[in-house]
Amino acid sequence: MKKIQKAEKYEFAENCFDLLRLYSAFYVMTLHIMRHVRLEEVSHIFDWWNGVVVLFCISGFLVPASMERSRGIGEFLKKRVLRIIPSLWVCIIVGILVAAAFCGFEPTREFFKWFLGQLVFIRDLPQPDFINSFGIGNFQANLWTMIFTVQFYIITALIYPILKNRKVWVWIAVLAISVVFNLVVPYIQEILPETGRNIISHTCLPYFYIYFAGWFMYHYRDKIIPYLAHTKILCIILFIIRALYCEKFNIRIGDYQDMVQVLLLCMLTIGIGYSFGKIRFKFDLSYGLYLYHMIIVDIFVQTGHVGNMKYVIAVYIFAVICAVISHYLVDDTVAEIFKRLDGKKGGSAENAAVPPSMVEIPEPKQPVMQSASATDDEESDF
């Protein structure tokens with residue numbers, strides 16, 4: 001009886017994932033700001049606690065809940081598309097306008113081909129000259145994860161409904177297969193022609209095991225979350241020991257980051273997420289910060305305002321301002337438009353297929369560890 005009561009304390013909505021998503025955005029920002037504005041690399045210890053891994057894991061944990069709450073695949077994908085695509089496209093257009101303002105612009109056929117590629121996540125097309133001349137010369141390099149995020153959503157829509165009712169050995173087998181993808185993709189790329197390498201580089205295969213770890217912990221959340229919340233200190237110790245071991249012996253298993261460290265960090269992410277109660281923000285700026293900080297960085301690099309800590313602080317401030325503006329002008333506008341459209345169709349505001357973190361939804365009153373009845377504002381922002 002005591003074990004059951006202890007488990008019931010961990011309600012699905014009682015988490016601090018808003019704070020962890022904000023950490024992920026600041027992690028990516030700090031790497032780019034320190035490298036290109038401060039002109040220094042951050043400590044390798046900072047890189048242990050990889051914000052992209054945290055982001056992928058949280059997304060894997062929360063997005064299946066959105067899928068379960070949706071009335072079908074179409075509604076689920078609509079919510080996800082409305083959440084990330086409008087803000088992303090506006091950010092891309094703003095970045096192009098800013099680059100053009102500093103470096104000029106010529107509407108060539110190559111530019112429009114490149115521009116369309118950006119909109120559909122094909123980032124390896126040759127950049128126009130004015131983009132090469134602006135800032136660091138790599139257009140919004142921070143957006144490399146977006147194509148994988150979209151693929152994660154599509155995979156969730158197609159596979160999760162089939163997988164959710166399978167036995168545990170099936171889940172373990174899929175996790176093992178996703179781990180194998182991470183291990184073999186680099187070797188496959190070595191033997192493929194250039195076209196094949198480009199295709200593989202645009203797939204989420206090397207990163208899917210991180211996202212699936214979130215799936216796994218969500219599916220078995222009633223058993224896993226209480227355990228992780230109580231053993232997070234042990235996970236931290238094991239994580240640090242593994243990181244030190246990898247550095248000392250120059251060892252890394254898997255692509256991108258050491259796989260053991262990544263899985264330990266995924267466990268830490270969910271454990272910490274349910275260790276400090278509910279920490280929620282009125283609106284989430286993490287996506288806006290993630291999108292816009294590189295535009296600010298490029299402006300500072302272009303104008304030569306680098307090498308001083310005051311410029312670092314200024315980039316943080318301007319990035320926050322851009323994120324707030326994006327929220328009110330883009331996110332809220334999209335939300336309002338689709339609430340009105342759904343209202344005309346006879347849908348209620350509560351069930352409107354609008355971006356999840358932009359509407360007020362009643363707080364669940366009952367423990368929901370055994371079901372996916374958490375509110376839509378629990379969904380990952382990107």
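Side chains are part of it too, since the values below use all heavy atoms of this structure and drop only hydrogens, waters and symmetry mates.
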Residue pair Thr145, Tyr290: steps toward the side chain to side chain contact (heavy atoms under 4.5 Å, CB included) verdict: CA-CA 11 Å; Thr145 62; Tyr290 190 87; 2.5 Å; yes
Gap between atom CZ of Phe300 and atom CD1 of Ile136 - 0.5 Å precision: 15.0 Å
Test item: side-chain donor near acceptor, Tyr27 and Asp47, under 3.5 Å: yes
Non-hydrogen atoms of Gly117 and Leu125 that approach each other most closely: CA-CD1, 3.9 Å
Stepwise side chain to side chain contact (heavy atoms under 4.5 Å, CB included) test for Tyr287 and Arg83: CA-CA 10 Å; Tyr287 189 35; Arg83 182 63 189 105; 4.0 Å; yes
Side chain His327, main chain Ala323, donor-acceptor under 3.5 Å: no
Common cluster, Leu263/Leu234, ILVMFWY with side-chain heavy-atom separation under 4.5 Å: yes
Ser70 side chain vs Gly72 backbone, donor-acceptor pair below 3.5 Å: no
Side-chain (Ser59) to main-chain (Leu55) donor-acceptor, under 3.5 angstrom: no
Short side-chain to backbone donor-acceptor contact, His293 and Val315, under 3.5 Å: no
Point-to-point distance, once rounded to the nearest 0.5 Å, from SG of Cys103 to CG of Asn132: 10.0 Å
Test log, rule side chain to side chain contact (heavy atoms under 4.5 Å, CB included), inputs Val54 and Trp49: CA-CA 8 Å; Val54 172; Trp49 313 90; over 6 Å; no
Side-chain donor-acceptor contact under 3.5 Å, Thr149 with Tyr211: no
Phe281 atom CZ, over 12 foreign heavy atoms within 6.0 Å: yes
Joint cluster assignment, Val168 & Ile225, ILVMFWY side-chain distance < 4.5 Å: yes
Aromatic ring proximity, centroids under 6.0 angstrom, Phe208 and Phe56: no
Under 3.5 Å: donor-acceptor pair, side chain of Ser24, backbone of Gly51: yes
Counterpart residues, side chain to side chain contact (heavy atoms under 4.5 Å, CB included), relative to Phe102 (two or more places apart): Val98, Phe134, Ile299, Gln302, Thr303
Minimum side-chain heavy-atom gap Cys266-Val53 below 4.5 Å: yes
Can I get a per-line list of side-chain donor-acceptor pairs under 3.5 Å for residues 189-202, giving both atom names and the distance, sequence neighbours left out?
| from | atom 1 | to | atom 2 | distance (Å) |
| --- | --- | --- | --- | --- |
| Arg197 | NH1 | Leu192 | O | 2.8 |
| Asn198 | ND2 | Glu194 | O | 3.4 |
| Ser201 | OG | Arg197 | O | 3.4 |
| Ser201 | OG | Asn198 | O | 2.7 |
| His202 | ND1 | Asn198 | O | 2.8 |

Taking every non-hydrogen atom, the tightest pair across Gly271 and Lys232: O-CD, 4.5 Å
Flag side-chain contact, heavy atom, 4.5 Å: Ile224 against His219: no
Side chain to side chain donor-acceptor pair (under 3.5 Å) evaluation trace for Tyr328 with Thr333: CA-CA 7 Å; Tyr328 283 110; Thr333 300; over 6 Å; no
Heavy-atom pair of closest approach, residues Cys204 and Ile155: SG-CD1, 3.7 Å
Option passing ring pair (Phe, Tyr, Trp, His ring centres under 6.0 Å) with Phe105 (candidates Phe111, Phe115, Phe112): Phe111
Test item: Arg69 side-chain N/O and Ala65 main-chain N/O as donor-acceptor pair under 3.5 Å: yes
is_close_aromatic(Phe17, Phe61), centroid dist under 6.0 Å: yes
Flag for Glu247-Trp48: side-chain donor and acceptor within less than 3.5 Å: yes
Pair Glu40 + Arg35, salt bridge at N-O below 4.0 Å: no
Shared hydrophobic cluster for Ile85 and Ile122 (ILVMFWY, side-chain gaps under 4.5 Å): yes
Expected output: side-chain His36 to main-chain Ile33 donor-acceptor under 3.5 Å: no
For residues 169-188, which side-chain donor-acceptor pairs fall under 3.5 Å, sequence neighbours excluded?
| from | atom 1 | to | atom 2 | distance (Å) |
| --- | --- | --- | --- | --- |
| Trp171 | NE1 | Leu163 | O | 3.1 |
| Ser178 | OG | Val174 | O | 3.4 |
| Ser178 | OG | Leu175 | O | 2.6 |
| Asn182 | OD1 | Asp255 | N | 2.9 |
| Asn182 | ND2 | Pro206 | O | 2.6 |
| Asn182 | ND2 | Asp255 | O | 3.3 |

Donor-acceptor contact below 3.5 Å, side chain Arg242 vs main chain Leu264: no
Euclidean distance, Leu289 CG relative to Asn142 CG, rounded to 0.5 Å: 11.0 Å
Side-chain donor-acceptor contact under 3.5 Å, Gln257 with Arg252: no
Non-hydrogen atoms of Ser66 and Lys79 that approach each other most closely: OG-NZ, 3.6 Å
SG on Cys91 to CG on Leu143, rounded to 0.5 Å: 6.0 Å
Aromatic contact, Trp215 with Tyr160 (centres under 6.0 Å): yes
Distance flag, aromatic centroids of Tyr218 and Phe12, threshold under 6.0 Å: yes
Modelled atom types, side-chain donor and acceptor of Ser326 and Asp331, under 3.5 Å: no
CG on Leu62 to CE on Met67, rounded to 0.5 Å: 15.5 Å
Spatial distance of atom NZ (Lys278) from atom SG (Cys16) [nearest 0.5 Å]: 12.5 Å
Derivation and outcome, side chain to side chain contact (heavy atoms under 4.5 Å, CB included), residues Val28 and Val52: CA-CA 8 Å; Val28 176; Val52 173; 4.2 Å; yes
Ile325-Trp89 co-clustered via ILVMFWY side chain contacts under 4.5 Å: yes
Neighbour count >12 (heavy atoms, 6.0 Å) for atom OH, Tyr23: yes
Contact summary for Arg166 and Tyr220, nearest pair of heavy atoms: O-OH, 4.4 Å
Beyond-backbone contact of Met34 with Phe46, side-chain heavy atoms, under 4.5 angstrom: no
Parallel, tilted or perpendicular: rings of Trp144 and Phe148 (30°, 60°): perpendicular
Asp258 (side chain) donor-acceptor with Gln261 (main chain) under 3.5 angstrom: yes
Side chain proximity check, Met217 to Cys57, heavy atoms < 4.5 angstrom: yes
Co-membership, hydrophobic cluster, residues Ile295 and Ile93, 4.5 Å side-chain: yes
